[in-house]
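Read the structure below first, then the notes.
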Protein chains: 2
Amino acid sequence: MATSIHISLDHKCYLREPESTELGKRIISESIRLIDALGFEHFTFKKLGAEIGSTEASIYRYFENKHKLLVYLVSWYWAWVDYTVTFQTHNIADPRERLCRALEVLTKAGQDDDPSVAYIDERILYRIVVAESSKVYHTKEVDAENKEGYFLEIKRLCHRLAEMVLAVNPAYPYPHALISTAMEAAHQQLYFAKHLPSLTEIKDTQHPEEETKDFLKHLLFSAIDSIQYKSK
Amino acid sequence: MATSIHISLDHKCYLREPESTELGKRIISESIRLIDALGFEHFTFKKLGAEIGSTEASIYRYFENKHKLLVYLVSWYWAWVDYTVTFQTHNIADPRERLCRALEVLTKAGQDDDPSVAYIDERILYRIVVAESSKVYHTKEVDAENKEGYFLEIKRLCHRLAEMVLAVNPAYPYPHALISTAMEAAHQQLYFAKHLPSLTEIKDTQHPEEETKDFLKHLLFSAIDSIQYKSK
DNA sequence: TCATTTATAATAGTAATACTATCAAAAAAG
DNA sequence: CTTTTTTGATAGTATTACTATTATAAATGA
């Protein structure tokens, strides 16, 4: 991912497009740093304003509230993973290998050294996604926000991966459920490894992403393969 | 579960034991109703006070803040599931059948018609757990709260189920990861079925718990069985 | 039973959060 | 170089998340 790419979202969770201005980009890049440092509940627009040498009021011109900013960050992340999965799998003919590669991207999305967008630190963003992303849809407003298209990016990726599952075995009956479970588990297991280690065999030392990938690979392929293959 | 049982927690996330007084019990039973109705972010002690004809200040004598109240509710839920799993599986000799039964309890914990504790509506509590439980450990305070023992109940259940996995196949290398994934997925898939249906094949119509159970049963047993059996 | 401890209700108050409004200055666009 | 747009500075409001105080009510215990 050496050349610069552009990730655009399928919805407008913002008031003003943050990538269109200098201030907007600073809001994004510093909010990533600050949410990671403080945790989402302790993060406020006032603190962010102080951090970037601007004011609360100016930030409110870009995002209605901090929840919508989180939606933006998480949606951006899923759009980026979707792009990366597509890019990394497009010339792989074998369905099993393709799904394997996709799982690798999914579990190693936090390892990227070569950021594709200058003002977004993907490694820190990944930590935010692991720790906070479930909050974007665990709200009373989930149905209204779903209608607004706020979750299109994760749905698109889920569907793409589910199709890869079906390419391996068209008879597997729960491709989307399997993938959404894996997408959540990829983050959860890393979080558990770090904070609640007795809930997982994954160790936070060494290469937790690698171990998570192995666990998920085995989980997915045994589920897919234990259904007798039937072509469409 | 006809006779009354007593669920006690392994930690003190409260200031005063709520089950020891009339007010304490009203705090628990009405907070369950109110969190379900408003969602956790819109829920406040002031609103709860109004609901139960008491005051904010009185509630603060039982719980330091609303987060600790949620910890209490979710811990109670896991302790109750743990109790139910133990009760429902203790005379089943066959390891596979035992794990099956446990998975059934896990996915159908919201179906209980015959509440074991008078002031706790387990069906509503289950909805709260499905929608809000991940928030109890997704905070900056997770490590400190873990030290205080706030997550002992879920860890105990996870370990119990992991042992059931090992009883089926002692060679399976990720029993805790598998179970923690399943515990989370049981709730997530129900939530997705209701709010983000394109992420799952589970339908919210009819019997989503039954479908979730089938999905998880297949997922777990294919993972466990695809490792060659080796006895300890 | 009465004295004493303890729990609750009522009220008030503070600091922080989550915003909204106004207006002038600066920057960008035409 | 004028007009529009964006930002910064400031102020202000309602709500949240508490803490403190005191009077009363209830429970306890000698």
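Lettering of chains follows the sequences in order, A, B, ..., and the numbering in each one begins at 1. Just so it is clear, the values below take in all heavy atoms, side chains as well, and ignore hydrogens, waters and symmetry mates.
Ion pairing between a basic and an acidic side chain is recognised when a charged N comes within 4.0 Å of a carboxylate O; A/Glu163 and A/Arg160 show no such pairing.
Tested against A/Glu64, the residues A/Arg61, A/Lys66, A/Lys68 include a single salt bridge (charged side-chain N to carboxylate O under 4.0 Å, His left out) partner, A/Lys68. Residue A/Lys108 forms a salt bridge (charged side-chain N to carboxylate O under 4.0 Å, His left out) with just one option from A/Glu209, A/Glu210, A/Glu122, and that option is A/Glu210. Checking B/Phe63, B/Tyr77, B/Trp78 one by one against B/Tyr72, the ring pair (Phe, Tyr, Trp, His ring centres under 6.0 Å) holds for a single residue, B/Phe63. Here the options are B/Glu22, B/Arg26, B/Lys25, the test is side chain to side chain contact (heavy atoms under 4.5 Å, CB included), and the partner is B/Tyr119; only B/Lys25 passes.
In this structure, B/Gln188 CD and B/Thr212 OG1 are separated by 11.0 Å, a value rounded to the nearest 0.5 Å.
The NE2 atom of A/His67 sits 12 Å away from the P atom of C/dC19 (whole-angstrom rounding). Rounded to a whole Å, the NZ atom of A/Lys46 is 16 Å from the P atom of C/dT20. C/dT17 atom C1' lies 9 Å from atom NZ of A/Lys66, rounded to whole Å. Rounded to whole Å, atom P of C/dC19 lies 10 Å from atom NE2 of B/His42. Rounded to an integer number of Å, the gap from CZ of A/Arg61 to P of C/dA18 is 19 Å. In this entry the distance linking CG of B/Leu48 with P of D/dT16 reads 13 Å, nearest Å. Here D/dT16 presents its P atom at 20 Å from CZ of B/Phe63, a figure rounded to the nearest Å. When rounded to the nearest whole Å, the span between CD1 of A/Ile59 and P of D/dA9 equals 12 Å.
Within the structure, a side-chain polar atom (N or O) of B/Tyr62 is placed less than 4.0 Å from OP1 or OP2 of C/dT8. B/Ser58 has a side-chain polar atom (N or O) that falls below the 4.0 Å cut-off from OP1 or OP2 of C/dA9. Close to C/dT17, at under 4.0 Å from its OP1 or OP2, lies a side-chain N or O of A/Lys47. The phosphate of D/dA9 (OP1 or OP2) has no side-chain N or O of A/Thr55 nearer than 4.0 angstrom.
Looking at residues 11-29 of chain B, you'll see that no heavy atom sits under 4.0 Å from any atom of DNA chain D.
Taking every side-chain heavy atom of A/Glu56 into account, C/dC19 is the closest of D/dG8, C/dC19, D/dT19.
Within 6.0 Å of NZ in B/Lys140 there are more than 12 heavy atoms belonging to other residues, nucleotides or ligands.
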